[in-house]
Amino acid sequence: MIKSNKKLKQAKSLGIHSLLIVGAFMMAFPFLWMMLTSFKSSQEVINVDQWFPKEKIYWQDTKKGNEDFQVEIIEDYGEAAKIKFFIRRDPIIVDKSQLTKKTWLFSNFAKAWNKVQPSFGRYFVNTIVIAVVVTAGQVMTSILAAYAFVFFQFPFKNYIFTLFLATMMVPQQVLLIPNYLILSGLGWIDTYMALIIPWLAGVFGIFLLRQFFVQIPMELFEAAIIDGCSKWGFLFRILIPLSKPPIITISIFTFLGSWNSLLWPLVVTNSQEMRTIQVGLSYFSQAEGTEWELLMAASAFCIIPLIVMYIVAQKHFVQGEAGAGLKG
Amino acid sequence: MYKKNDYSAYAYVLPAASVLLIFHIFPVIYSFMLSVHQGTLKHPMKTYIGVGNYAAILEDVNFWKSMLNTVWFALSSVPMGIIIALAIAMLLNQKIKGLAIYRTVYYLPVVTSIAAVALVWKWLFDVKFGLFNQVIQWAGLKPMGWLQDSTGVFEFMASIVGLGIPETYLMFEPGFMREMVYGLMHGPSIALCSITIMSIWKGLGYNVVIFLAGLQNIPTGLYEAAEIDGANAWQKFKNVTWPLLAPTTFFVFIMSTISSFQVFVQIFMMTPFGGPERSTSVAVFYLYEKAFKTFEFGYASALAYVVFFVIFIMTLVQRKLGDGQTHQGV
């Protein structure tokens, strides 16, 4: 009886794991397919029967800009060979030493990187600068505001807080047009100012920190003040060191939100120099709609930093999400 | 206690308050002002037209089409997203080994950029060389049009069993009623359903994590008691899991519905022109086009207010019904 029970349990566990593994495979598959595509040649991408990159022969045209062409040997003469192109170009005879073999085309990443103007490097710099400044700014303004809301008494405190909270209900689309006009009025369209300043404060952060601060006993604050600690001193020497978990959560979500936003930077920037990764990617996909190996390489280098960040800081992600979701 | 007013508090609130006031609170009023005016790009508030824009919206067939598309999107993505996420969360809640690994993988799409993953799915859906059509063809079936197919999904399903959709819509004059009847009877387009599939995949991990937290808060004693009473798995789910999880489910339901009414990025990335016969043009996409393609700021602001109103009602419902409940749940 006990033995069969154990077997039943094993069977059940096996069933659960197989379901979960199938599900996990489906979740991860688009990323795997993205990676596989990003290493293929344009010939392989349209060859629907081929899943993995295979060995290919390349010939570099040293006379015309060192461009690499995928070729096929149609006649072998020992030292030399007659090669056929996949593009419209007559077959030629070349020295075999000029031919190279490649399987995984890492060069796609460099190609995609430089395919846009000025380059994805510039988009990365923009995105990182914006995300870092917005995150730092939002954390600072949130700490200051939440500190005042919890530890100080002042007229209209509750009205101000309610007004702040109300902005949480406003969807971003409502802000889009008026903010575009405000930013045009200020002459900030197509500058870092437009991408950064409107996001230097966020109610989510203030709310989350307030929820955390109210758990800290008021006596701690009063004792510190009586002992001669200034309000700044209490904030920086006691409160902030105590509040690392919510600060990390806010930082992660602000950073991710900034990094992943598309609509806002799409609307407030015009020039190529000001594009963020997401905006760059959307223009890239509209311009090079069929070069899937390059589009997937570009998607890959947009996604990989986030995946690395997620795996490194995983603990904070999941805790923050579950907590933020339910307490909000 | 420090009951005395401390005016230095304003200095602490000021940085956040100034940003919020200028860019988050004032624009709500400004947007409303814009919505009751008609104007040009340079002078967006040239002439006051009262409810003119709102009246025009109610008569705009394209607006109703995009609202219908938004509702289809919400109706298909929200319940499916909840059912699948709950099922996965329940499997993960069985004290299995490797929970952390599974959770990592299921959560992966949530942290990645939606613009980039939308592109990956666009490639999977590619009609000629995409993987999905390739697999379908191996299975000996006819390839699908995916993002390029405006066929309604009801029509598609009917055609599989050899039926057609009655042409009731022809009873109406061309215009609003004809479009609505046609849209309702044919269902969301295959293109929109393709985007729905991608969106469910993208948001699943978030819901799984929330559900898992909810499930872990259900006292195990209740299950043990149910087992002693001889309850089977279904009875345990019906009488313990489902009622105790209700606040979490409600939270997920409202949050997913609100965000599905704001869907934009995946639509824009996968069908930059609103899809075949504009069948993937949702509310926010239409708003974007009106505001930043044709620069009809007044009209687009009114559109924004309509969307805002719908979302606002849902938020109020959540606040009224969900408050307290969700806190108890945790």
Side-chain angles (χ1 to χ4, degrees), chain A residues 13 16 19-20 23-24 27-28 30 33-34 37 45-46 48 141-142 144-145 147-148 152-155 160 163-164 167 169-171 173-179 181 198 200-201 206 256 260 262-263 267 278 281-282 285-286 292 295-296 299 302-303 306-307 310 314 317-318 321-322 325-326, chain B residues 2-7 9-10 12-13 15-16 19-20 23-25 27-28 30-31 34 44 88 91 94 96 102 104-106 108-109 111-116 119-121 123-124 129 131 134 209-210 213 262 264-265 269 272 284 287 291-292 297 300-301 304 307-308 311-312 315 326 330:
Chain A
S13 155
I16 290 174
L19 280 174
L20 283 171
M27 294 309 278
W33 192 241
M34 169 187 82
T37 305
V45 164
I46 57 170
V48 290
T141 58
S142 300
L144 291 175
Y147 181 43
F152 298 168
Q153 279 302 323
F154 55 97
I160 298 173
L163 186 64
F164 279 17
T167 64
M169 293 199 190
V170 183
Q173 302 80 263
V174 176
L175 308 177
L176 208 58
I177 299 161
N179 273 341
L181 292 169
L200 285 181
I206 298 173
L256 272 185
N260 288 339
L262 171 72
L263 189 51
V267 165
Q278 315 302 333
L281 205 56
S282 86
S285 95
Q286 284 179 36
W292 286 109
L295 287 171
M296 289 304 104
S299 297
C302 294
I303 288 175
L306 294 173
I307 292 183
Y310 167 54
Q314 205 186 41
F317 268 86
V318 175
E321 192 81 288
L326 285 168
Chain B
Y2 264 64
K3 281 290 173 210
K4 230 173 61 188
N5 279 335
D6 184 342
Y7 294 98
Y10 291 118
Y12 289 86
V13 179
V19 171
L20 290 174
F23 295 106
H24 297 256
I25 296 166
V28 177
Y30 191 7
S31 186
L34 287 167
I88 293 168
L91 289 175
Q94 304 288 318
I96 48 149
Y102 286 124
T104 306
V105 177
Y106 283 100
L108 214 50
V111 294
T112 52
S113 321
I114 184 143
L119 216 48
V120 175
W121 279 80
W123 166 224
L124 289 168
F129 309 115
L131 185 73
Q134 188 182 328
V209 167
I210 305 273
Q262 294 177 275
F264 173 78
V265 176
M269 290 301 288
V284 178
L287 186 161
F292 298 103
F297 284 143
S301 296
V307 177
F308 181 22
I311 292 171
F312 186 72
T315 317
T326 35
V330 182

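Order of the sequence lines sets the chain letters (A, B, ...), proteins ahead of strands, with each chain counted from 1.
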Heavy atoms only, distances under 4.5 angstrom: which of [options] has the most pairs with chain B? Name it, please.
{"options": "A/T141, A/L181, A/L20", "answer": "A/L20"}
{"options": "A/I206, A/I307, A/V267", "answer": "A/V267"}
{"options": "A/C302, A/P178, A/S285, A/A28", "answer": "A/P178"}
{"options": "A/P198, A/S13, A/S299, A/A145", "answer": "A/P198"}
{"options": "A/I46, A/L295, A/L306, A/L256", "answer": "A/I46"}
{"options": "A/L200, A/I160, A/L281", "answer": "A/L281"}

Below 4.5 Å from any heavy atom of chain A, which atoms of [X] appear? Answer side chain, backbone, both or neither.
{"X": "B/L91", "result": "both"}
{"X": "B/L287", "result": "side chain"}
{"X": "B/F264", "result": "side chain"}
{"X": "B/Q134", "result": "side chain"}
{"X": "B/T315", "result": "side chain"}
{"X": "B/V111", "result": "both"}
{"X": "B/Y102", "result": "side chain"}
{"X": "B/F308", "result": "both"}

List the atom of B/F297, the atom of B/A291, and the distance in Å for their closest heavy-atom pair.
CE2-O, 3.4 Å

Using non-hydrogen atoms and a 4.5 Å limit, figure out which bit of [X] sits close to chain B: side chain, backbone, both or neither.
{"X": "A/T167", "value": "side chain"}
{"X": "A/Q286", "value": "side chain"}
{"X": "A/M296", "value": "side chain"}
{"X": "A/L176", "value": "both"}

Check whether B/S113 reaches the backbone of A/I303 with its side chain - one donor and one acceptor, N or O, closer than 3.5 Å.
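The answer is no, because no donor-acceptor pair under 3.5 Å joins these two groups.
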
A/N179 (side chain) donor-acceptor with B/F23 (main chain) under 3.5 angstrom
yes

Do [X] and [Y] have side chains that get closer than 4.5 Å, going by heavy atoms?
{"X": "A/V170", "Y": "B/H24", "result": "no"}
{"X": "B/V120", "Y": "A/T37", "result": "no"}
{"X": "B/V307", "Y": "A/Q173", "result": "yes"}
{"X": "A/L263", "Y": "B/V265", "result": "no"}
{"X": "B/P27", "Y": "A/V174", "result": "no"}

Heavy-atom count check: over 12 atoms from other residues, nucleotides or ligands less than 6.0 Å from B/F312 CZ?
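Open: at most 12 neighbouring heavy atoms sit under 6.0 Å from CZ of B/F312.
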
In terms of relative ring orientation, are B/W123 and A/W292 parallel, tilted or perpendicular, with 30° and 60° separating the classes?
parallel

Taking the six-membered ring for Trp, is the centroid-to-centroid distance between A/F154 and B/Y7 below 6.0 Å?
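Centroid separation for A/F154 and B/Y7: 6.0 Å or greater.
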
